[in-house]
Amino acid sequence: MRLVLVGPPGAGKGTQAQFIASRLEVPKISTGDIFRANVSGGTELGKTAKRYMDDGGLVPDEITNAMVRDRLAEDDAEAGFLLDGFPRNIAQAEVLDDICAALGTSLDVVLELRVDFDEVVKRLSGRRTCRKCGHVWHLEFDPPSQDGVCDKCGGELYQRDDDKPETVRNRLTVYSEQTQPLIDFYTGADKLVSIDAQGPVEDVTERAIAALTPFA
Ligand code: AP5
Ligand code: MG
């Protein structure tokens, strides 16, 4: 299956992506994760991306599109993929169609995760990420047993720079102005399915799998 997850910051795209990708046996490709890996690795791509990420804006399309094009050309994406965080505007969606066409295939489905605004703010303000293994925790909804320490690997937990309140506000504005139009775009292409992404993580995963099954 070739699948895109779309939803506002904090909707649970990354959280659900790992479960859905493993159930569907496809690689999970998160543009935000790839940018953050480049930021911590100190690469040129990371230095450029950080300038945009710190304000909550989008990294320029030509950089992002080239990165996705390269990633989708890798062998493990041949039989399917799950994209988390791409596309984020109409221009990126059109490029994704072109990339798929060049690979002799097309996108199967776009899954929208729907979450209330207040819930998104709560999820982002309590999010903590492990520096070592990247696991994502939440201070209230999925707390680690010891403050600041990852239960999975013992790594140090940190708060993402772009989860500061003023940056979160900007990310939400960017979402409604640039990303939300994708909902109509993919509805028009008859590829959109939406689920309620509130409630326990496992329940959301089950709703996602049920919604995706007709496309398998
Ligand atoms: P990105 O990393 O993609 O950030 P985002 O879209 O803002 O989304 P988040 O990762 O913040 O939220 P999420 O939906 O993954 O939620 P999560 O699962 O973590 O992008 C970051 C930046 O990179 C962008 O701002 C941009 O600058 C750049 N970028 C990336 N892609 C780009 C592109 N295509 N073009 C240009 N620039 C791009 O969950 C959040 C919290 O809630 C966690 O703590 C989690 O534990 C908790 N949680 C999850 N599910 C539940 C639940 N059901 N109940 C309770 N808590 C839950
Ligand atoms: Mg994410």
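Order of appearance sets the numbers: ligands from 1, and atoms from 1 within every ligand.
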Would you mind listing which atoms of ligand 1 come within a distance below 4.0 Å of any non-hydrogen atom of Leu124? 11 (O)
Specify the protein heavy atom at minimum distance from atom 39 (O) of ligand 1: its residue, its atom name, and the distance to 0.1 Å. Thr15 OG1, 3.7 Å
Atom 7 (O) of ligand 1: the protein heavy-atom neighbour that sits closest, reported with distance to 0.1 Å: Arg171 NH2, 2.6 Å
Taking 4.0 angstrom as the limit and counting only heavy atoms of Thr31, give me the atoms of ligand 1 inside it, by number and element. 30 (C), 31 (N), 32 (C), 34 (N)
Near Gly57 (heavy-atom distance under 4.0 Å), the atoms of ligand 1 are 25 (O), 26 (C), 27 (O)
Between Leu107 and Val4, is there a side-chain heavy-atom distance shorter than 4.5 Å? yes
Residue-ligand contact Gly199/ligand 1, heavy atom below 4.0 Å: yes
Does a donor on one side chain and an acceptor on the other come within less than 3.5 Å for Thr15 and Lys13? no
Would you call Arg123 and Asp142 a salt bridge, using N to O less than 4.0 angstrom? no
Is a donor from one side chain sitting under 3.5 angstrom from an acceptor on the other, for Thr129 and Arg160? no
Where is the nearest protein heavy atom to atom 16 (O) of ligand 1: which residue, which atom, and how far? Gly12 N, 3.2 Å
Could you tell me if the side chain of Cys150 sits less than 4.5 Å from the side chain of Cys133, heavy atoms only? yes
Quick one: does Gly7 get within less than 4.0 Å of ligand 1, heavy atoms only? no
Which residue, Thr31, Val95, Ile63, forms the side-chain contact (heavy atoms from CB on, under 4.5 Å) with Val68? Thr31
Here the atoms of ligand 1 under 4.0 Å from any heavy atom belonging to Thr64 are 33 (C), 34 (N), 35 (N), 36 (C)
Show which atoms of ligand 1 fall inside a sub-4.0 Å distance from at least one heavy-atom site of Val201. 50 (N), 51 (C), 52 (C), 53 (N)
Quick one: look up the protein heavy atom nearest atom 41 (C) of ligand 1 and list residue, atom name and how far away it is. Arg123 O, 3.4 Å
Does a side-chain N-to-carboxylate-O contact under 4.0 Å join Glu166 and Arg169? no
Using a strict cut-off of 4.0 Å, indicate which atoms of ligand 1 neighbour a heavy atom of Phe86. 34 (N)
Between Glu119 and Arg114, is the closest basic N to carboxylate O distance under 4.0 Å? no
Just by distance, with hydrogens left out, do Asn38 and Thr43 show a side-chain donor and acceptor under 3.5 Å apart? yes
Give the residue, atom name and distance (to 0.1 Å) of the protein heavy atom nearest atom 34 (N) of ligand 1. Gly85 O, 2.8 Å
Can you figure out which of Arg88, Lys13, Arg160 has its heavy atom closest to atom 3 (O) of ligand 1? Arg88
Students should be able to answer this: which protein heavy-atom is nearest to atom 40 (C) of ligand 1, and at what distance? Arg127 NH1, 3.8 Å
Using distance alone, with no hydrogens and no angle criterion, decide if Asp55 and Asn170 have a side-chain donor and acceptor under 3.5 Å apart. no
In ligand 1, the atoms that come under 4.0 Å of a heavy atom of Arg36 are 2 (O), 21 (C)
Nearest protein heavy atom with distance in Å, relative to atom 44 (O) of ligand 1: Trp137 O, 2.9 Å
Enumerate the atoms of ligand 1 whose separation from the nearest heavy atom of Gly14 is less than 4.0 angstrom. 13 (P), 15 (O), 18 (O)
Would you say Val59 and ligand 1 have an N/O pair spaced under 3.5 Å apart? yes
Identity and distance of the protein heavy atom lying nearest atom 35 (N) of ligand 1: Gln92 NE2, 2.9 Å
